[in-house]
Student: 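Dropping a structure here in C-alpha cells format, bear with me for questions.
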Number of protein chains: 2
Amino acid sequence: MNKDNNMEQQILQCAEELFLEKGFSLVSTTDIAKKAGCNQALVHYYFRTKENLFQQIFQAKFTKFLYIFTTFDDSDEPFTTRLRKKIEAHFNLLIENRQIPFLIVNELILNEERRSALVKNIYNKNLEIYRRFDHELQEEIQKGNIRPISTLDLLINIVSMNIIIFFMLPLLESQFNFDDEEIAELLQQRKHEVVETIMCSLRPKNK
Amino acid sequence: MNKDNNMEQQILQCAEELFLEKGFSLVSTTDIAKKAGCNQALVHYYFRTKENLFQQIFQAKFTKFLYIFTTFDDSDEPFTTRLRKKIEAHFNLLIENRQIPFLIVNELILNEERRSALVKNIYNKNLEIYRRFDHELQEEIQKGNIRPISTLDLLINIVSMNIIIFFMLPLLESQFNFDDEEIAELLQQRKHEVVETIMCSLRPKNK
DNA sequence: ATTTTATTTAATAGAGTTATTAAATTGACT
DNA sequence: AGTCAATTTAATAACTCTATTAAATAAAAT
C-alpha cells in the first residue's frame with residue numbers, strides 16, 4: 001500500500017492481523033492473500049510455508065510480551081514504586097496488542113514444537129534479569145516490607161490478572177455492546193485495580 | 001466399551017476428550033470416529049453435525065465451570081471463610097478438568113455465535129446468586145472488614161489467578177518434565193497461594 | 001535492445017474436511 | 001423363518017487447504 005512497503009511486507013502485516021485475530025489454524029494462506037491483495041501463491045513464494053510465516057510473527061509477539069516483563073529499571077525509586085510501574089507498563093503493552101494473550105495461550109497449548117522452540121529461545125536469555133528481580137524481592141521480604149511470597153508466584157499473579165480482561169473483551173464488545181470509549185475506560189480501571197490488588201496483597205501481615 | 005455404554009455415548013466421550021485437548025477446529029469427525037472405534041459416518045448419524053456434537057460438550061463444560069462459581073453456601077461461617085472455600089472449590093474443579101480454561105477461552109474468543117448462545121443461557125440464570133454475593137460483599141466492606149473493591153473485580157481476580165496455572169501446565173509437563181506427582185504438588189501450592197493472595201489483598205487498608 | 005533476474009499469476013496435484021446416501025448388518029418381535 | 005426398525009459401513013459429492021510448477025509480467029543490468 002505505501003510506496004516503500006513492498007508486497008512482502010504487506011503480506012506479513014496482513015498475516016499478523018489475521019493470526020492475532022483467529023490463531024494459526026483458522027487462517028488460510030488464501031485468506032492472507034485476499035487481505036493483502038495478491039495471489040495465494042505469492043504468500044508461499046515469499047515465506048515458503050504457512051508455518052514459516054507464522055513463526056516470524058509469533059516469535060516477535062512473544063518476545064514483546066516478555067520483554068517488558070523481563071526488564072526492571074535501576075532508578076533509585078523504592079522497590080514498590082518500580083514494581084507498580086512494571087505492572088502498568090505490562091498492562092499498557094497489552095492494551096496496544098490486545099490479541100497477544102489469546103495468541104500465546106492458544107498456540108503454546110496446541111503446539112508442542114512451538115513450545116520447545118520458545119523455551120529454548122527465552123529461558124537463558126532472561127534468566128539474569130529474573131535473578132536480579134528475585135534478589136531484590138526477597139531482600140524486601142527480609143526487611144519486612146513485603147509479605148513472604150515466591151518470586152514466581154508473584155509474577156504469575158501479575159500476568160494472570162493483567163491478561164484476563166483481554167480474554168473477556170470480545171464478550172464485552174459483542175454481547176454487551178461496549179463501545180471503544182467504554183472499553184478504554186474499563187481498561188484503565190482494570191489496570192488500576194490490578195495494581196491495587198497486587199500492592200495490597202504484598203503488604204506484610206504483622207503490620 | 002462398557003456393556004451398557006452404547007456407541008453414541010462412546011462417541012460423545014471420545015469427542016469430549018479430543019475437543020478438550022485440541023479445540024473445535026483441530027478435531028475432525030474422522031478423528032473422533034477413529035478414537036471411538038467406529039465409522040466416520042456414524043458420528044454424523046448420531047449428532048448430524050460436528051457443531052451439534054461440540055455444542056453439547058461445550059455447554060456442559062461451561063455450565064460446570066460457572067456452577068461452582070455461582071453458588072455460595074448459606075452456612076453461618078464468616079464471609080471470608082466461605083469465600084476461601086469458594087475459591088478452593090473452584091480451583092479443585094479445575095484440577096479435575098484441566099483443559100476447561102483453554103476450551104472456554106479459545107472457543108469463546110473465536111466464535112461469535114457461541115458467545116451469544118452462552119450469554120443468553122447464563123446471564124439471567126445466575127443473576128440472583130451474583131446479587132446475593134454482591135450484597136454480602138458490599139456489606140462486609142461497609143463494616144470495614146474488607147477493603148473497598150467491586151464485586152466484579154474480585155470475581156475476575158479469583159478466576160484469573162485460578163485458571164492461569166492450567167495454561168502453564170503443558171509447558172511444565174513437556175518442557176520442564178514435571179511428572180504427575182510434582183504437578184499435583186505444584187497445584188496444591190498454587191491453590192494455597194491464590195487464596196493467600198486474594199485474602200491478603202482484601203484486608204482493609206486503615207488497619 | 002536484449003538478456004537476466006525478480007515478482008506475480010493461473011493451474012493444479014494431493015490430501016483432508018463435512019455431510020449425505022444407499023447398502024449391509026444386527027437385533028428384536030411375531 | 002420372516003418382517004421391521006435400529007445401527008453401522010462403504011462410497012462419494014462437494015468442498016477447502018497447502019504447496020508446487022510453469023508461465024507471464026515487470027524491473028534491472030548489460
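Quick note on labels: first sequence line is chain A, next is B, and so on, each numbered from 1. Computed from a prediction, not measured in an experiment: that's the story for all the values here.
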Student: Cationic tip of Lys61(B) within the cone over Phe19(B)'s six-membered ring, i.e. under 6.0 Å and within 45° of the normal?
Tutor: no
Student: Are Thr29(B) and dT18(C) close enough that a side-chain N or O sits under 4.0 Å from OP1 or OP2?
Tutor: yes
Student: Grab the CZ-P distance between Arg48(A) and dT8(C) for me, whole Å please.
Tutor: 19 Å
Student: Round to the nearest Å and state the distance from Phe54(B) atom CZ to dT18(C) atom C1'.
Tutor: 16 Å
Student: Check for me whether the distance between the ring centres of Phe166(A) and Phe91(A) falls short of 6.0 Å.
Tutor: yes
Student: Are Leu172(B) and Glu182(B) side-chain neighbours, meaning at least one heavy-atom pair lies under 4.5 Å?
Tutor: no
Student: Answer yes or no: does a side-chain N or O of His44(B) lie under 4.0 Å from OP1 or OP2 of dT18(C)?
Tutor: no
Student: Rounded to whole angstroms, how far apart are CG on Leu53(A) and P on dA19(D)?
Tutor: 10 Å
Student: Is Lys22(B) atom NZ crowded by more than 12 heavy atoms from other residues, nucleotides or ligands, each under 6.0 Å away?
Tutor: no
Student: When you measure from the centre of the six-membered ring of Phe24(A), is the NZ or CZ of Arg114(A) under 6.0 Å away and within 45° of the axis?
Tutor: yes
Student: Tell me whether the rings of Phe54(B) and Phe58(B) are parallel (<30°), tilted (30 to 60°) or perpendicular (>60°).
Tutor: parallel
Student: Is there any protein nitrogen or oxygen under 3.5 Å from a nitrogen or oxygen in nucleotides 6-8 of chain D, and what are the pairs?
Tutor:
from   : atom 1 : to       : atom 2 : distance (Å)
dT8(D) : OP2    : Tyr46(B) : OH     : 2.9

Student: Do the non-hydrogen side-chain atoms of Cys38(A) and Ile11(A) ever get within less than 4.5 Å of each other?
Tutor: yes
Student: To the nearest Å, give me how far apart NZ (Lys50(A)) and P (dG16(C)) are.
Tutor: 15 Å
Student: To the nearest angstrom, how far is Asn52(A) atom CG from dT18(D) atom C1'?
Tutor: 13 Å
Student: If you look at every strand shown and take non-hydrogen atoms under 4.0 Å, does Val43(B) touch a base, only sugar-phosphate, or nothing?
Tutor: nothing
Student: Nearest whole angstrom, please: distance from the P of dC17(D) to the CG of Leu26(A).
Tutor: 10 Å
Student: Among dA11(D), dC17(D), dT20(D), find the nucleotide with the atom closest to the side chain of Ala41(B).
Tutor: dA11(D)
Student: Rounding to an integer number of Å, can you tell me how far Gln40(A) CD sits from dT21(D) P?
Tutor: 14 Å
